[in-house]
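Structure first, then comments.
Order of listing sets the numbers, starting from 1, for every ligand and every atom in it.
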Amino acid sequence: MKVVVDYDLCEANAVCMQHAPKVFRVEEDDTLTVLLEDVPAEEQESAREAERLCPRQAIRLTD
Ligand code: SF4
């Protein structure tokens, strides 16, 4: 599973980081870093939750 973020939609509110902190990190300058672009099996449930809950629908997970 891979993570794709639409940075034009992302508003760096850190909802994804709350749900999947090993995958997403919002930096102090309010930019989003994807820590694991290739999501390992143990993080996939958290990543799906982040995708579902992103208020901007900026996260897309691909197989
Ligand atoms: S939850 Fe969505 S809008 Fe918020 S920081 Fe993550 S990707 Fe960006």
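Of all protein N/O/S atoms, those lying under 2.8 Å from atom 8 (Fe) of ligand 1 come to 1.
At least one side-chain heavy atom of F24 sits under 4.5 Å from a side-chain heavy atom of L32. Put simply, the side chain of V3 does not reach to within 4.5 Å of the side chain of L36, judged on heavy atoms.
Shown here are the salt bridge (Lys or Arg N to Asp or Glu O under 4.0 Å) partners of E27, two or more places apart in sequence or in another chain: R25.
Residue pairs meeting the salt bridge (Lys or Arg N to Asp or Glu O under 4.0 Å) criterion with at least one partner in residues 44-53, sequence neighbours excluded, are E49-R52.
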Give the table of side-chain donor-acceptor pairs shorter than 3.5 Å for residues 13-22, with sequence neighbours excluded, one pair per line with atom names and distance.
residue	atom	partner	partner atom	Å
N13	OD1	V15	N	3.2
N13	ND2	E11	OE2	2.9

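Scanning both residues, V39 and Q44, for their nearest heavy atoms gives O-NE2, 3.1 Å.
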